[in-house]
There are 2 protein chains.
Amino acid sequence: MLSSSIAASVVQALAVRELRLTANRRAVLAALEHGQRPLTTEEVAVASSVPVSTVYRNLAELVEAGIVARVAGASGGDRHELAEAFSEHHHHHLVCIECGIVTDFTPSAQLERLIEKEVGALPDRVGFEVTHHVFDVRGRCRDCTRT
Amino acid sequence: MLSSSIAASVVQALAVRELRLTANRRAVLAALEHGQRPLTTEEVAVASSVPVSTVYRNLAELVEAGIVARVAGASGGDRHELAEAFSEHHHHHLVCIECGIVTDFTPSAQLERLIEKEVGALPDRVGFEVTHHVFDVRGRCRDCTRT
DNA sequence: ATCGCTTTGAGAACGATTCTCATTCACAGT
DNA sequence: ACTGTGAATGAGAATCGTTCTCAAAGCGAT
């Protein structure tokens, strides 16, 4: 079930785009909320029991509405998670280049501050309008190093 | 033409995997070396005049051999560039979410140091074997902000 | 209950990537 | 140079993830 605290703000964000919080979208969001990690479209479809074509469409709409964030996996399909405004806190990703699994991690506040500062200077420096940054670490996860 | 300075080390890296530096692979690498930015598979095929199926295969092998790096674009096809060991220097990317173009930028040494430190601690902290990190900034490039 | 609009779902369509396999090529040994 | 062996090639088929299509169903307001 989608937690009601999230539901409220989701409804608002959807309303802006004249989208409704239907049972399917609820199920998709609930899957993302309870998933331990960013999920592929396929995983969302299975976890939510919503047909794939609808999951594709819903995820696209939710990303568009800023409720869901797309995470670049190692290969084979993008992954999705609740956008930061709708989940716990700012974090980054550990991407396993072997099995493709993506897990979260939170870097130090110091690093975060420095990144913000650096990124904030880009518009003036190179005329690039920043929407967000990605700081991912790639390598082999605990399971895959056991082989 | 692929610069001879690179060619030498490429041959070595290829030899480890029993791969040869053929005319096609030369052309693919030359395209990446002279491209101003990370290129899509299609762009490499055109620039090098090598058939797409061969470009796909060659890029995969070169990535596998650590000679080429895959860069996650905004959408529509991954992009490729020479791996850092074979190109000028360490850098990161500005990815335009509008047109998909990827350009390079170099963050401050201070940020780089802090990232290294943080990333270096991960193996002990969470049992993740780090191969490299990705620090990309997403937004709209100069051209796309003009619309 | 009715109207107008959004949403849905099954399958078709599409595009990027991978696979297949007969042919060609590169290098090592002679 | 000549030959043998495994690597590399290329054209098209096959595959896989994603998007599109369209008729049917759902939701909210009147």
Side-chain angles (χ1 to χ4, degrees), chain A residues 2 7 10-31 38-65 67-68 70-80 97 99-102, chain B residues 2 7-8 10-31 38-65 67-68 70-80 97 99-100 102:
Chain A
L2 182 65
V10 164
V11 170
Q12 279 203 313
L14 284 174
V16 176
R17 315 228 158 200
E18 302 191 304
L19 297 176
R20 299 161 184 171
L21 181 50
T22 63
N24 276 342
R25 296 211 254 252
R26 251 177 212 287
V28 165
L29 289 169
L39 306 175
T40 61
T41 307
E42 201 61 34
E43 288 169 341
V44 172
V46 171
S48 63
S49 303
V50 172
V52 273
S53 66
T54 298
V55 171
Y56 271 107
R57 187 174 30 216
N58 283 357
L59 283 176
E61 292 157 346
L62 292 166
V63 166
E64 188 65 23
I67 299 165
V68 168
R70 245 191 254 285
V71 178
S75 68
D78 287 346
R79 286 165 179 270
H80 308 78
I97 56 177
C99 66
I101 267 209
V102 179
Chain B
L2 183 64
V10 165
V11 171
Q12 279 204 313
L14 284 172
V16 176
R17 315 227 158 201
E18 302 192 303
L19 297 175
R20 298 161 183 170
L21 180 51
T22 62
N24 277 341
R25 296 211 255 252
R26 252 177 211 285
V28 166
L29 289 169
L39 306 175
T40 61
T41 308
E42 202 61 35
E43 289 170 340
V44 172
V46 171
S48 64
S49 303
V50 172
V52 274
S53 67
T54 298
V55 172
Y56 271 106
R57 187 176 28 217
N58 284 357
L59 283 176
E61 292 157 346
L62 292 166
V63 166
E64 188 67 24
I67 299 166
V68 168
R70 245 192 254 284
V71 177
S75 68
D78 288 344
R79 285 165 179 272
H80 308 78
I97 58 178
C99 66
V102 179

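Values reported hereafter were calculated over all heavy atoms of this structure, with side chains retained and with hydrogens, waters and symmetry mates removed. So you know, we letter chains A, B, ... as the sequences are listed, proteins then strands, and number each from 1.
Atom CG of B:Leu62 is separated from atom P of D:dA7 by 17 Å (rounded to the nearest Å). Atom CG in A:Leu14 sits roughly 13 Å away from atom P in D:dG28 (whole-Å rounding). We find that CZ of B:Arg79 is positioned 14 Å from C1' of C:dA16, with the value rounded to whole Å. Remark: C1' of D:dT15 and CD of A:Glu42 are 14 Å apart, rounded to the nearest angstrom. A:Leu59 has its CG atom 15 Å from the P atom of D:dC20, to the nearest Å. Per the geometry, CG belonging to A:Leu19 stands 15 Å off C1' belonging to D:dG26, to the nearest Å. Between the CZ atom of B:Arg70 and the C1' atom of C:dA16 there is a distance of 12 Å, rounded to whole Å. Note: CZ (A:Arg26) to P (C:dT8) measures 13 Å, nearest angstrom.
Here A:Asn58 contributes atom CG and A:Leu19 contributes atom CG; the two are 9.0 Å apart, rounded to the nearest 0.5 Å. Taking CG from B:Asp78 and CG from B:Leu59, the interatomic distance works out to 10.5 Å, rounded to the nearest 0.5 Å. The CG atom of B:Asn24 lies 7.5 Å from the OG atom of B:Ser48; values are rounded to the nearest 0.5 Å. Atom-to-atom distance recorded for B:Leu62:CG and B:Arg70:CZ is 10.0 Å, nearest 0.5 angstrom. Rounded to the nearest 0.5 angstrom, A:Glu61 CD and A:Leu14 CG are separated by 8.5 Å.
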Could you write out each protein N or O paired with an N or O of nucleotides 21-28 of chain C at a distance under 3.5 Å?
none

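Remark on DNA chain C: of its neighbouring residues A:Asn58 and B:Thr41, the 5'-side contact belongs to A:Asn58, judged by nearest-heavy-atom nucleotide.
Here A:Tyr56 reaches the OP1 or OP2 of D:dT18: one of its side-chain N or O atoms lies under 4.0 Å away.
Applying a 4.0 Å cut-off to non-hydrogen atoms, the residues of residues 43-53 of chain B that approach DNA chain D are B:Pro51, B:Ser53, listed by residue number.
Nucleic acid contact for B:Glu18: sugar-phosphate only, since backbone atoms but no base atoms lie under 4.0 Å from a heavy atom of the residue.
When the options A:Thr40, A:Thr41, A:Val46 are evaluated for a side-chain contact (heavy atoms from CB on, under 4.5 Å) with A:Glu43, the one that passes is A:Thr40. Here the options are B:Val52, B:Val68, B:Leu39, the test is side-chain contact (heavy atoms from CB on, under 4.5 Å), and the partner is B:Val44; only B:Leu39 passes.
The existence of a salt bridge linking B:Glu64 and B:Arg17 is confirmed by a sub-4.0 Å separation between a basic side-chain nitrogen and an acidic carboxylate oxygen.
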